[in-house]
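Written out below as structure tokens is the structure these notes cover.
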Number of protein chains: 2
Amino acid sequence: MLSKKTKYGLKALTYLARVKGKEPVQIAEIAKQENISQKFLESILLTLRRNGFLGSKKGKGGGYYLIKEPHEIPMTTVMRVLEGPIAMVPCVSLNFYEKCEDCPDEATCSVHKLMIQVRDSALDVYRGNTLADLL
Amino acid sequence: MLSKKTKYGLKALTYLARVKGKEPVQIAEIAKQENISQKFLESILLTLRRNGFLGSKKGKGGGYYLIKEPHEIPMTTVMRVLEGPIAMVPCVSLNFYEKCEDCPDEATCSVHKLMIQVRDSALDVYRGNTLADLL
DNA sequence: TCGATAATCTACTAAAACTATAGGATAAAA
DNA sequence: TTTTATCCTATAGTTTTAGTAGATTATCGA
């Protein structure tokens with residue numbers, strides 16, 4: 001399941017991408033338009049800013065804005081920041097690899113074999129889409 | 001993330017598929033060989049039996065066995081029973097469809113658009129693999 | 001028929017993850 | 001210096017996951 005955090009994060013990014021220009025947009029506006037709890041969205045936008053997707057401005061007229069063009073933001077990076085590893089098991093993760101405790105040999109593991117394929121197909125999709133493609 | 005339930009279920013199915021013949025295999029044996037908590041595995045095998053993947057026999061010489069040939073068991077059905085919907089959001093699920101509360105229009109929803117692609121690519125993988133392919 | 005074996009079933013619990021919420025601190029603008 | 005809006009930490013409620021406990025039922029072999 002996709003977490004609400006990721007879902008809301010994607011919606012917020014899309015919202016900002018649709019706004020013409022680079023004017024800051026307030027959390028409250030995004031939350032209202034996209035039916036998201038404002039406080040929850042606040043923490044999501046914070047992590048998006050800390051990870052280099054958004055810029056922010058405090059005080060009156062402040063808010064959040066994209067610091068890159070939508071077509072420069074691949075879904076791979078967005079998903080990894082919001083949702084975590086793209087792989088469904090750590091032992092097939094490219095960026096978050098971990099060995100399974102219960103599994104003596106990856107080479108002969110049936111789960112490993114299947115999940116490699118699932119990971120690669122998901123990667124294909126995320127690599128093939130930027131924020132611009134979702135508009 | 002793939003749940004342990006699904007992971008263990010897949011391993012158990014693979015184990016049974018590797019056993020020659022249709023002799024029942026005891027839970028204890030599978031649990032030990034695959035490093036799985038026996039009681040937990042017990043409940044997993046039970047749901048696999050209830051969903052038509054396994055047969056069982058009680059008493060001495062009893063255990064679980066596959067009731068179909070491995071190549072007749074597609075990963076789509078296994079995943080749906082163990083892990084649930086293949087789609088990451090209910091609004092793009094073929095078998096478990098539900099409308100999102102927060103989303104006024106699926107046709108213009110960016111998350112929907114992306115998750116359709118992810119679902120389809122995962123489906124391709126699961127449809128292209130039977131239990132026999134994991135051996 | 002009896003005892004051992006092994007699945008069946010219900011109920012329960014501990015831990016982790018998810019989805020928020022509270023409330024004050026900080027910075028900018030008017 | 002007041003208003004506005006982000007920043008930040010902590011925490012609480014709920015759900016899901018992962019696993020346990022213990023009694024019951026069916027089957028086999030002697």
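These values consider heavy atoms only, across backbone and side chains, with no hydrogens, waters or symmetry-generated copies. In what follows, chains are A, B, ... by sequence order, proteins preceding strands, each numbered from 1.
Side-chain contact annotation: A:Thr130 with A:Asp133, donor-acceptor N/O pair under 3.5 Å present. In summary, the side chains of A:Glu98 and A:Ser93 do not present any donor paired with an acceptor at a separation below 3.5 Å, with no hydrogens or angles considered.
For the pair B:Arg49 and C:dA6, the criterion of a side-chain N or O lying under 4.0 Å from OP1 or OP2 is not met. The phosphate of C:dA20 has OP1 or OP2 within less than 4.0 Å of a side-chain N or O from A:Tyr8.
For the pair B:Leu66 and B:Leu54, the minimum side-chain heavy-atom distance is below 4.5 Å. Using a 4.5 Å heavy-atom cutoff, the side chains of B:Cys109 and A:Lys11 are in contact. A 4.5 Å side-chain heavy-atom check between A:Thr6 and A:Leu10 finds at least one atom pair inside the cut-off. Between A:Leu2 and A:Met79 there is a side-chain heavy-atom pair separated by less than 4.5 Å. Between B:Thr14 and B:Glu34, every side-chain heavy-atom pair lies at or beyond the 4.5 Å cut-off. Looking only at side-chain heavy atoms (C-beta outward), A:Val92 and A:His112 come within less than 4.5 Å of each other. B:Leu131 is listed as a side-chain neighbour of B:Met75, based on a closest heavy-atom distance under 4.5 Å.
As a whole-Å value, the separation of A:Tyr65 OH from D:dT6 C1' is 12 Å. In this entry the distance linking CG of B:Leu41 with C1' of C:dA7 reads 12 Å, nearest Å. The distance from atom CD of A:Gln26 to atom C1' of D:dT3 is 12 Å, rounded to the nearest whole Å. Taking atom NZ of B:Lys7 as the reference point, atom P of D:dT17 lies 16 Å away to the nearest angstrom. Spacing between atom CD1 of B:Ile44 and atom P of D:dG19 amounts to 8 Å, rounded to whole angstrom units. Regarding A:Ile30, its CD1 atom lies at a distance of 12 Å from the C1' atom of D:dT6, rounded to whole Å. For the pair A:Leu46 CG and C:dA25 C1', the computed distance is 13 Å after rounding to whole Å. Between the NZ atom of A:Lys4 and the C1' atom of C:dC18 there is a distance of 10 Å, rounded to whole Å.
When the side-chain hydrogen bond (donor to acceptor under 3.5 Å, both in side chains) test is applied to A:Tyr126, no partner is found at least two apart in sequence or on another chain. For B:Tyr65, the side-chain hydrogen bond (donor to acceptor under 3.5 Å, both in side chains) criterion is met by no residue, not counting sequence neighbours.
When all heavy atoms of B:Gly84 and B:Phe96 are compared, the pair lying nearest together is C-CE1, 4.4 Å.
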Find every protein N or O atom lying less than 3.5 Å from an N or O atom of nucleotides 10-15 of chain D, and list the pairs.
none

**Message:** Only Watson-Crick and G-U wobble pairs with both distances less than 3.5 Å should count. Give DNA chain D in dot-bracket notation, marking inter-strand partners with |.
**Reply:** ||||||||||||||||||||||||||||||
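Crowding of B:Glu23 atom CD: a count of heavy atoms from other residues, nucleotides or ligands under 6.0 Å not exceeding 12.
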**Fill in**
For nucleotides 20-30 of chain D, 5' to 3', base contacts (B), sugar-phosphate-only contacts (S) and non-contacts (-) with protein non-hydrogen atoms under 4.0 Å give BBB--BBBS--
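A salt bridge does not link A:Asp102 to B:Lys4: none of the charged nitrogens lies less than 4.0 Å from a carboxylate oxygen.
Nucleic acid contact class of A:Leu45 (heavy atoms, under 4.0 Å, all strands): none.
Of the residues in residues 80-90 of chain A, none has a non-hydrogen atom less than 4.0 angstrom from any atom of DNA chain C.
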